[in-house]
Amino acid sequence: MRFEPNDSQATFAGVLGQMLAAPQAGFQAVPDWGRFDYGDRLDRQLAENGFFDAATEDDLGPVAAALMVHNVARAAVCVECAASALVRPFLGREVPRPLAVVVDDAPGAIRYLPQARGLVSITADAVHYADLPEGAVTRVDSLYAYPMGTVDRAALDWQRLDADPARLRALWQVAVAAELAGLLGAGTEAVIEHVSQRHQFGQPLGAFQGIQHRLATAAVEIDGARLQALRAAQSGGIGDAAAALGYAQGIATRIGYDLHQFMGAMGMTLEHPLHRWTYRARLLRADMGGSAASYLAYADARWGAA
Amino acid sequence: MDFTWTEEDAAYRARIRAFLERELPDTWPDIARHGPGSAEQTAFSLDFCPKLAEAGLLIPHWPEEWGGAARPAWEHFILGEELWRAGEPRGAQYMNVNWIGPVLMKYGSPEQKARYLPEMAQGRAIWCQGFSEPNAGSDLASLRTRAVRDGADYVINGQKIWTSYAALAGTCFLLAQTGDAGGGRSGIAIFLVPMDTPGIEVRAIPSLIGHGDIHEVFFTDVRVPASARVGEEGEGWAIISYGLANERVGIPRYEMASHELDRMVAELKARGQFGDSVVRSRAAAAGAACEAARLQVYRVVDGRARNLAPGSDSNLARVAVVTAEHAVTDFGMDFLPDCFSGTDHPSFLSHHERAIVTGIAAGAAEIQLNLVARRHLNLPKGA
């Protein structure tokens with residue numbers, strides 16, 4: 001049991017941190033007040049430097065990949081990272097990226113589809129992949145701070161992959177859990193900065209115990225979500241992955257509410273980046289059936305049938 | 001990062017579990033039901049802890065000089081997990097081996113070490129901690145019990161409250177002010193006071209957590225020799241901080257909670273009531289809360305094993321453990337209400353009764369949240 005990253009993981013995280021601290025990963029208003037800002041430069045940097053291959057490197061492994069998903073989610077720009085870091089390396093064949101994922105053929109728009117060059121479909125008994133031909137994807141305007149799109153799935157040229165669907169599902173659950181923990185953590189940090197500077201009633205908002213305790217509770221829960229996602233990344237356990245996702249999804253609603261509450265009217269604007277994290281979190285909290293479905297999967301894995 | 005156990009750790013855990021399965025009697029759940037401060041559990045611990053000592057499972061982390069085997073911090077923690085999972089058959093003695101003994105090793109005089117450590121190592125010592133007072137609970141530094149120097153002695157006057165195990169303890173680890181009352185942290189000293197010293201009166205407080213568990217202790221002109229003082233006057237706060245750093249995460253309550261959750265699920269399965277998706281989802285939510293707490297506690301133990309200075313991780317862990325305990329208790333009460341209305345399920349009742357203490361004992365949950373806010377989030381102080 002060791003919570004300290006090994007040397008390779010620490011170096012990996014350090015270089016990643018430098019990329020994420022660069023201005024191109026930060027918040028900038030988008031023309032016409034668009035809800036998201038796709039980080040093309042960050043995406044290229046990560047790809048060119050092999051960051052999306054971390055999961056299959058001995059000294060890094062899925063833990064480093066999950067940590068990367070978590071940390072990239074903390075950026076104000078968004079980059080397709082979860083599928084590339086934790087699903088793509090385990091598909092059993094080379095596929096291009098950015099990559100989009102759909103589970104159990106869930107209806108509706110899919111995140112990152114407008115950028116994606118391929119779509120992975122995970123169902124109970126199989127994993128399929130299809131290239132996304134030029135012009136196949138229709139962009140969708142969405143509340144959520146992701147690029148979203150739809151595609152005529154029946155028209156795609158699906159190929160069945162030689163991959164374990166249960167394992168791929170677990171990897172995707174880990175990826176979404178890690179991303180969600182990163183989003184909630186970054187949103188919390190933005191709110192902490194605000195309540196530390198904003199004075200009302202003669203003191204910073206963040207000095208009021210009513211606010212402190214709710215932010216502290218959120219911090220405890222986000223930390224618990226992050227650790228569960230990292231452990232599940234290493235163990236590859238179906239139960240660990242479902243528990244991690246259920247837990248992250250379970251805490252997301254109240255924390256998201258609190259973050260906007262403490263930001264006040266400023267948090268309702270598109271001039272402040274809070275929505276970049278909270279509105280991505282809103283989508284992920286309902287992914288794969290949401291917390292209840294994730295918890296049912298955990299119950300199945302831990303206790304078996306009734 | 002590595003979230004797996006070594007083969008050595010797993011074998012050690014298996015050895016403890018086998019020992020407990022072999023040595024704990026069938027009557028243990030009913031004994032445990034009486035609470036760790038009860039006469040029943042205390043008598044049991046005085047019989048059971050010598051067996052643990054003989055098997056090398058009482059103080060494995062202590063240095064060899066004092067009867068231990070200088071085993072790593074992780075083994076000590078695994079031992080605590082397994083014993084707490086089994087209902088904590090050490091009773092009050094967990095305090096001796098976890099922190100009172102280590103404090104005496106570091107700060108005690110040669111005479112104090114020789115007098116107290118061997119009987120702790122043998123599993124024959126019951127201690128109580130004289131910390132809280134009527135006006136000094138979470139705000140411990142404002143304690144008012146005074147120890148006044150009188151020649152070669154100190155004369156102690158004051159009152160302690162919520163003192164666990166006091167009625168049956170042989171010795172009290174007492175915090176008192178040696179300067180003016182209200183002297184704060186800088187005036188605190190520690191005394192080791194035999195509980196049969198004239199002038200000590202113990203009154204049990206009827207409580208929700210088991211008969212004999214909490215007490216008031218009155219000190220009226222209690223005379224102890226200066227040799228009963230640990231360290232110097234004014235050094236008490238530093239000493240107790242060191243001692244409690246050994247207990248950064250307290251007892252591994254999430255382990256008992258997780259174990260009880262498994263038992264609750266087994267009971268629901270036996271009744272054919274674990275098919276409902278609401279029940280299954282709620283059980284899983286409680287289970288995930290336990291796992292979150294487990295990992296947050298493990299990180300603290302990892303820090304201790306690597307000799308890192310205590311930080312805010314322990315405050316996060318304490319809050320997570322409270323949440324997990326409550327999630328499991330609520331699950332049981334919601335879906336197995338009859339198990340909590342009678343006495344047919346002693347382990348559920350034991351867990352239920354202890355869970356209510358989780359957020360209060362050893363540093364209230366709200367204090368932990370204050371510390372998370374200040375230390376971990378760097379939120380500002382009020383005007």
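Below, chain A is the first sequence line, B the second, and so on; all start at residue 1.
For residues 364-372 of chain B, the interface with chain A (any heavy-atom pair closer than 4.5 Å) comprises B:Glu366, B:Leu369, B:Asn370, B:Val372, sorted by residue number.
Ranked by heavy-atom pairs shorter than 4.5 Å toward chain A, the options B:Asp262, B:Val319, B:Thr6, B:Asp9 are led by B:Asp262. Ranked by heavy-atom pairs under 4.5 Å with chain A, the list B:Val265, B:Leu268, B:Thr323 is led by B:Val265. Among the candidates B:Ala292, B:Pro380, B:Ala373, B:Ser281, the residue making the largest number of heavy-atom pairs closer than 4.5 Å to chain A is B:Pro380. The candidate from B:Ala285, B:Ala320, B:Ala293 with the greatest count of non-hydrogen atom pairs under 4.5 Å with chain A is B:Ala285. When each of A:Val63, A:Val195, A:Leu230 is scored by its heavy-atom pairs under 4.5 Å with chain B, the top score falls to A:Leu230. For the set B:Gly287, B:Gly275, B:Ala289, the count of heavy-atom pairs under 4.5 angstrom toward chain A peaks at B:Gly287. Put simply, of A:Gln212, A:Gln228, A:Arg231, the one with the most heavy-atom pairs under 4.5 Å next to chain B is A:Arg231. Note on A:Leu296, A:Asp223, A:Asp240: by heavy-atom pairs under 4.5 Å with chain B, the leading option is A:Asp223.
Within a 6.0 Å sphere centred on CD of A:Glu193, other residues, nucleotides and ligands contribute 12 heavy atoms or fewer. Heavy-atom neighbours of B:Phe340 CZ from other residues, nucleotides or ligands within 6.0 Å: above the threshold of 12. The neighbour count for B:Asp338 CG, taken as heavy atoms of other residues, nucleotides or ligands under 6.0 Å away, is above 12.
Taking NE2 of A:His213 as the reference point, atom CG of B:Leu379 lies at 10.5 Å (rounded to 0.5 Å). In this structure, OH in A:Tyr295 is found 15.0 Å from OG in B:Ser277, a value given to the nearest 0.5 Å. In this structure, the separation between CZ on B:Arg280 and CZ on A:Arg302 is 12.5 Å, given to the nearest 0.5 Å. Within the model, atoms CD of B:Glu291 and CG of A:Leu227 stand 11.5 Å from one another, a figure rounded to the nearest 0.5 Å. From A:Met1, atom CE reaches atom CG of B:Leu295 across 7.5 Å, with rounding to the nearest 0.5 Å.
Of the atoms belonging to A:Ala244, not a single heavy atom falls under 4.5 Å from chain B. Contact of A:Glu4 with chain B is made through backbone and side chain together, with heavy-atom distances under 4.5 Å. Heavy atoms of A:Gln209 lying under 4.5 Å from chain B belong exclusively to its side chain. When heavy atoms are compared at a cutoff of 4.5 Å, B:Arg282 does not approach chain A at all.
The heavy-atom pair separating B:His376 from A:Ala219 by the smallest distance is CD2-CB, 4.2 Å. Heavy atoms only, all atoms of each residue included: B:Met1 and A:Gln9 are closest at N-OE1, 2.7 Å.
Residues meeting the side chain to side chain donor-acceptor pair (under 3.5 Å) test with B:Glu8, sequence neighbours left out: B:Arg71.
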